[in-house]
Amino acid sequence: DLSEIEKEYKTDEKVGPKIAGRLETFVNTLKENRLSDEKMKEKIEKYKQPENFKLQVPRVNPELWSKLDHNTKSDDFALQKIQRAVVKTTICAVRTCDLVREKKSAVKKDVLPMLADTISMNLKTIHDISMERRRRIVTASKLDKQLASVDTPVSDLLWDDLSSVIETVKSNSKLTQMLSNAGRGQ
């Protein structure tokens with residue numbers, strides 16, 4: 001029966017306090033009537049990179065990008081677009097946090113932790129998207145799978161020092177092969 005199927009799709013997630021009237025209406029309107037691409041672009045352009053820290057969508061290392069096929073590049077562009085939006089929402093939250101921090105207010109004790117959570121969740125999402133981009137590029141390029149799992153920092157490039165990462169992967173592969181051969185008595 002349909003009610004049994006419906007139960008499957010209901011969330012068991014615990015809920016917090018209600019959101020105030022106008023804000024609830026605003027959020028529900030945005031959920032139902034998604035922000036247009038044009039409006040999203042306006043909002044993305046509105047929040048500029050702060051002068052004293054760099055937060056951006058990392059580029060694919062040029063030596064890899066030139067070897068990627070059209071489909072892989074298209075997939076990566078789609079992920080970059082999502083990642084760019086998360087970067088800008090993080091910058092917006094950082095700016096808001098900075099404004100709240102400057103004000104002397106009781107609201108500060110409630111708002112700052114929520115904004116800090118927003119920032120930390122966005123930064124985690126930005127990192128996760130970068131790791132997914134790495135995984136997809138490694139898979140599409142038929143590169144050593146270890147390149148996707150190497151825990152190297154992401155800067156303005158997906159692999160901060162690609163040649164060093166490749167050398168580490170090669171060394172690890174040689175060591176694994178030597179240990180494997182030693183275990184077989186060879």
Side-chain angles (χ1 to χ4, degrees), residues 16 19-20 22-31 33-68 72-138 141 143 147-168:
I19 301 297
R22 289 192 67 138
L23 183 56
E24 174 193 8
T25 303
F26 172 72
V27 171
N28 283 328
T29 300
L30 280 178
K31 264 181 25 185
N33 306 305
R34 182 174 70 84
L35 201 61
S36 71
D37 288 342
E38 185 179 295
K39 285 284 186 196
M40 182 64 168
K41 185 178 178 189
E42 284 175 27
K43 291 189 182 302
I44 284 174
E45 290 172 0
K46 181 178 178 180
Y47 295 99
K48 305 295 182 211
Q49 187 75 245
E51 184 179 318
N52 58 342
F53 80 90
K54 193 174 187 178
L55 182 60
Q56 64 187 33
V57 176
R59 296 176 300 118
V60 176
N61 301 62
E63 59 271 37
L64 281 178
W65 187 254
S66 63
K67 292 176 177 34
L68 298 178
T72 303
K73 287 180 179 180
S74 292
D75 287 349
D76 192 63
F77 276 131
L79 284 171
Q80 286 180 43
K81 184 177 177 183
I82 295 165
Q83 197 171 19
R84 189 170 293 106
V86 176
V87 164
K88 290 300 185 166
T89 61
T90 303
I91 288 171
C92 180
V94 167
R95 292 221 178 268
T96 306
C97 198
D98 196 41
L99 286 173
V100 170
R101 183 194 52 76
E102 289 177 2
K103 305 293 178 201
K104 304 289 184 219
S105 162
V107 174
K108 193 158 82 169
K109 79 174 181 58
D110 295 326
V111 174
L112 277 175
M114 284 192 267
L115 285 171
D117 287 347
T118 301
I119 294 165
S120 63
M121 289 186 290
N122 276 347
L123 289 172
K124 167 78 168 97
T125 303
I126 292 166
H127 175 79
D128 290 351
I129 293 170
S130 291
M131 294 303 102
E132 178 62 14
R133 289 175 60 207
R134 279 184 180 181
R135 187 195 65 75
R136 288 179 182 209
I137 288 169
V138 165
S141 303
L143 296 168
L147 277 174
S149 63
V150 174
D151 193 22
T152 57
V154 175
S155 60
D156 57 330
L157 297 172
L158 277 177
W159 287 271
D160 201 26
D161 183 1
L162 186 60
S163 58
S164 173
V165 171
I166 290 172
E167 284 306 311
T168 301

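For this chain, numbers begin at 1 and follow the sequence in order. The model shown is predicted, which means the values in this text are computed figures rather than measured ones.
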Mind checking the CD-CD1 spacing from Gln56 to Ile91? Nearest 0.5 Å is all I need. 9.5 Å
Separation between CG of Asn61 and OG of Ser66, rounded to the nearest 0.5 Å: 10.5 Å
Are Ser130 and Gln83 close enough that some pair of their side-chain heavy atoms sits under 4.5 Å apart? yes
If you measure from CZ on Arg84 to OG1 on Thr89, what distance do you get to the nearest 0.5 Å? 13.0 Å
Answer whether the closest heavy-atom distance between the side chains of Leu55 and Ile126 falls below 4.5 Å. yes
Distance, nearest 0.5 Å, that separates NZ of Lys67 from OG1 of Thr72: 14.0 Å
Taking the side chain as every heavy atom from C-beta outward, state whether Arg133 and Val57 have any atom pair closer than 4.5 Å. yes
Identify whether the distance between the nearest side-chain nitrogen and carboxylate oxygen of Glu42 and Lys46 falls below 4.0 Å. no
What's the shortest heavy-atom distance between Arg95 and Pro50, and which atoms? NH2-CA, 3.3 Å
Can you tell me how far apart CD (Glu132) and OG1 (Thr125) are? Round to the nearest 0.5 Å. 13.0 Å
Nearest 0.5 Å, please: how far is NZ in Lys73 from CZ in Phe77? 7.5 Å
Between Asp76 and Leu68, is any pair of side-chain heavy atoms under 4.5 Å apart? no
Do the non-hydrogen side-chain atoms of Leu157 and Pro62 ever get within less than 4.5 Å of each other? yes
Could you pull out the closest heavy-atom pair between Tyr47 and Lys88, with the gap in Å? O-NZ, 2.7 Å
Is there side-chain contact between Ser163 and Glu63, with heavy atoms separated by less than 4.5 Å? no
State plainly whether the residues Glu38 and Lys41 are in salt-bridge range, i.e. N to O under 4.0 Å. no
